[in-house]
Protein chains: 2
Amino acid sequence: MSLVLLGSLGGHVAEPMYRQIADDLRQKIESGALAPGVQLPTELELREQYNNASRNTVRDAVKWLTARNLVETRPGHGTFVVGKIDPFVTNLDVASGVGSEGVTAYASEVTAGRRKPEVSAPRIEIHQAGTVASELRMAEGATMVSRHQQRFIDDIPWSLQTSFYPMSFVDRGGAIELIQAKDMPDGVVRYLEDQLGIKQVGWRDKITVRMPNPTETTFFRLPDDGRVAVFEIRRTAFDESGTPLRLTVTVYPIDRNQFVMNFGNVPVEITESADAG
Amino acid sequence: MSLVLLGSLGGHVAEPMYRQIADDLRQKIESGALAPGVQLPTELELREQYNNASRNTVRDAVKWLTARNLVETRPGHGTFVVGKIDPFVTNLDVASGVGSEGVTAYASEVTAGRRKPEVSAPRIEIHQAGTVASELRMAEGATMVSRHQQRFIDDIPWSLQTSFYPMSFVDRGGAIELIQAKDMPDGVVRYLEDQLGIKQVGWRDKITVRMPNPTETTFFRLPDDGRVAVFEIRRTAFDESGTPLRLTVTVYPIDRNQFVMNFGNVPVEITESADAG
DNA sequence: GGGTATTTGTCCGTATGTATT
DNA sequence: AAATACATACGGACAAATACC
């Protein structure tokens, strides 16, 4: 073992032992000597490898790697190098992206990358507008409808989406399907235009990253320490009069998602397809 | 103290002691009982408060809070509730956003929010195109120019930006200022159009979140455990012929940045200004 | 299904080092 | 210089989760 022992260097303060161990393991991971999915030596084996350090010390080293998502521990089993997830790329500048909950649009976008999409039936709730009231320019306490869906890709939980609409859309009598718990294959946008003549002419997206809440941690099967954050994209859509017609909040784990958007004239992206064109 | 003692509940497996302590402290933080900036009890005081738990156990609780960015520890001083940072919002759909390095455009965008912007002089490098070659559709090994800048808001390091241009822009003789280490107040885009007639007509942004590298950790003064990630926005800009004319990579810490973009017709946002209009 | 071995998780006490006031 | 507070490191004991027979 080539680790520098604590205190053996005169010039500067030596790194703590657990960091030396962590750095050594990290180097082995990043160089490929420890490939993704491979099990690390057990804590007792690591003790022997690293100068008979205490088990708690090698555990500190492993914790350091865990905090950086380089390894994951499975109780009773071992510690393993994490595998890279093939990220899914969402286009934010097409109507089929965030906010259009229709399974058809979603499916066409996902299958373009040869992946298997799945959308849960929406869960409908009717409540008083709370914090979202101002974003929809509704009075505090006005009634609204929310439609919540879970989305999967290749059976992996990929995003959680909740859309909020004014209850007046339903009260006016036209948009009765808004409060029915079934998917609207062509999307709510199309439905609202057909039924109420309300036309979506633009939207604003706000992107933040935050810690997941317990619901999200469970659904996405994230580690219960907070090391995997989530994107939160809040899309406010407007009609021709500049009035917000809905708010869609979509949450994506950062470890499996990316976003792309185009402005102005942009050539079509060359997809990495294997066709012999 | 109202914590449930380990093992005292019959029905289900009790939470570990350190989690109970952490949850209790978390509740106090989120309820405001422990306000941002306030010092937590010291480890020895926490021992007494929580049933004479071991110091190592209360430290585990504090570590759990630290990993979630709820508290931060200062050696020799104490543990403190973290203060919220007022996030800076970047518009991605205006040319003054990412990629336009001109200090004028940047300053106008930032001061709109009454903040003090600052941009370092660019560091110029000329190298062989490596991984960025394909994004600029250049041959592997072609020469390119990079311009790197550090940006601050209210003296806080806010973003790191590097733009890559083909060296042919300079070789052709027109764009000589591209390789001079001074800011271009009106932006490079304007300069290229004036000098070479190369007009930027659109761009594509790709947004990801990743761990900071050591350079970024130092510059942004991030904690050296990896709990604050960074946005990486890669903007490829295209000219009228659909050829990429530059690649701009900008890195922002997620704890102090948000992004907004508009599509279609969107009413101007009502800023939360204090004027009595 | 049950039992056993393996491996990580929790908790303890103690000692010493380092940073700050 | 001394006191305070967090950081590192050690060793030990038992619990909980998993795999395997």
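Residue numbers start from 1 in every chain, and the chains themselves are labelled A, B, ... in the order their sequence lines are given, proteins ahead of strands. For clarity, every value in this text was computed on a predicted model and none was experimentally measured.
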S.K.: Of all residues at least two apart in sequence or in a different chain, which pass the ring-ring contact (aromatic ring centres under 6.0 Å, His included) check with B:His77?
M.R.: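 Expected list: B:Phe80.
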S.K.: Whole Å only: how far is the CG atom of A:Asn56 from the C1' atom of C:dC11?
M.R.: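 For the pair A:Asn56 CG and C:dC11 C1', the rounded distance is 10 Å.
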S.K.: Please list, in numerical order, the residues of residues 37-46 of chain B that have a heavy atom closer than 4.0 Å to any atom of DNA chain C.
M.R.: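 Heavy-atom cutoff 4.0 Å gives no residues at all.
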S.K.: Rounded to the Å, how far apart are A:Asn51 CG and D:dT8 C1'?
M.R.: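 Spelled out: CG on A:Asn51 to C1' on D:dT8 is 16 Å.
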S.K.: In whole angstrom, what separates A:Arg55's CZ from C:dC11's P?
M.R.: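 My rounded result for the distance is 14 Å.
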S.K.: Please give, in whole Å, the distance from C:dC11 C1' to B:Glu15 CD?
M.R.: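 Rounded to whole Å, this separation is 16 Å.
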S.K.: Can you check the A:Asp60 CG to C:dT8 P distance for me, whole Å?
M.R.: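 About 15 Å, once rounded to whole Å.
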S.K.: Between D:dC6, D:dA9, D:dG11, spot the one nearest the side chain of A:Arg47, thanks.
M.R.: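 Of the candidates, D:dG11 comes closest.
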S.K.: Donor-acceptor pair, B:Asn213 side chain versus B:Thr215 backbone, under 3.5 Å?
M.R.: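 Yes: the side chain of B:Asn213 pairs with the backbone of B:Thr215.
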S.K.: NZ of B:Lys63 versus P of D:dA9: gap in Å, rounded?
M.R.: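 For the pair B:Lys63 NZ and D:dA9 P, the rounded distance is 11 Å.
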S.K.: I would like to know whether A:Val230 and A:Leu160 meet side-chain contact (heavy atoms from CB on, under 4.5 Å); could you show each step before the answer?
M.R.: CA-CA 11 Å; A:Val230 293; A:Leu160 283 171; over 6 Å; no
S.K.: Which ones in residues 66-78 of chain A lie close to DNA chain C, meaning a heavy atom under 4.0 Å from one of its atoms?
M.R.: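 Those residues are A:Thr73, A:Arg74, A:Pro75, A:Gly76, A:His77, A:Gly78.
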S.K.: Rounded off to whole Å, could you give me the CZ-to-C1' distance for the B:Arg59 and C:dT10 pair?
M.R.: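 Nearest whole value for this atom pair: 16 Å.
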S.K.: Checking side-chain contact (heavy atoms from CB on, under 4.5 Å) for the pair A:Asn69/A:Asp255: CA distance, chi angles, key distance, verdict?
M.R.: CA-CA 10 Å; A:Asn69 251 320; A:Asp255 64 353; 5.7 Å; no
S.K.: Determine which nucleotide pairs with D:dA1, using a 3.5 Å limit on both distances of a Watson-Crick or G-U wobble pair.
M.R.: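 None - no nucleotide pairs with D:dA1, as no candidate has both distances under 3.5 Å.
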S.K.: Establish, with yes or no, whether the OP1 or OP2 oxygen of C:dT8 is under 4.0 angstrom from a side-chain nitrogen or oxygen of A:Thr79.
M.R.: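 For C:dT8, OP1/OP2 do have a side-chain N/O of A:Thr79 under 4.0 Å.
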S.K.: Please round to the nearest 0.5 Å and tell me the distance separating atom CG of A:Leu92 and atom CG of B:Asp205.
M.R.: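 Result: 10.0 Å between the selected atoms.
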S.K.: Could you check whether A:Ser163 and A:Arg147, counting side-chain N and O atoms only, form a donor-acceptor pair closer than 3.5 Å?
M.R.: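 Not at all, the side chains of A:Arg147 and A:Ser163 share no donor-acceptor pair under 3.5 Å.
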S.K.: In whole Å, what is the span from the OH atom of A:Tyr18 to the C1' atom of D:dG11?
M.R.: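 About 20 Å, once rounded to whole Å.
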S.K.: Is the distance between the ring centroids of A:Phe152 and A:Phe219 less than 6.0 Å?
M.R.: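 Between A:Phe152 and A:Phe219, the centre distance is under 6.0 Å.
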S.K.: Measuring centre to centre across the rings, with the benzene-like ring taken for any Trp, is A:Phe259 within less than 6.0 Å of A:Tyr252?
M.R.: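 Centroid separation for A:Phe259 and A:Tyr252: below 6.0 Å.
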S.K.: Output yes when at least one side-chain N/O atom of B:Thr57 is less than 4.0 Å from OP1 or OP2 of C:dC11, else no.
M.R.: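 Negative; the distance criterion is not met.
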S.K.: Charged N to carboxylate O below 4.0 Å: is that the case for A:Arg210 and A:Glu216?
M.R.: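 Result for this pair is yes, salt bridge flagged.
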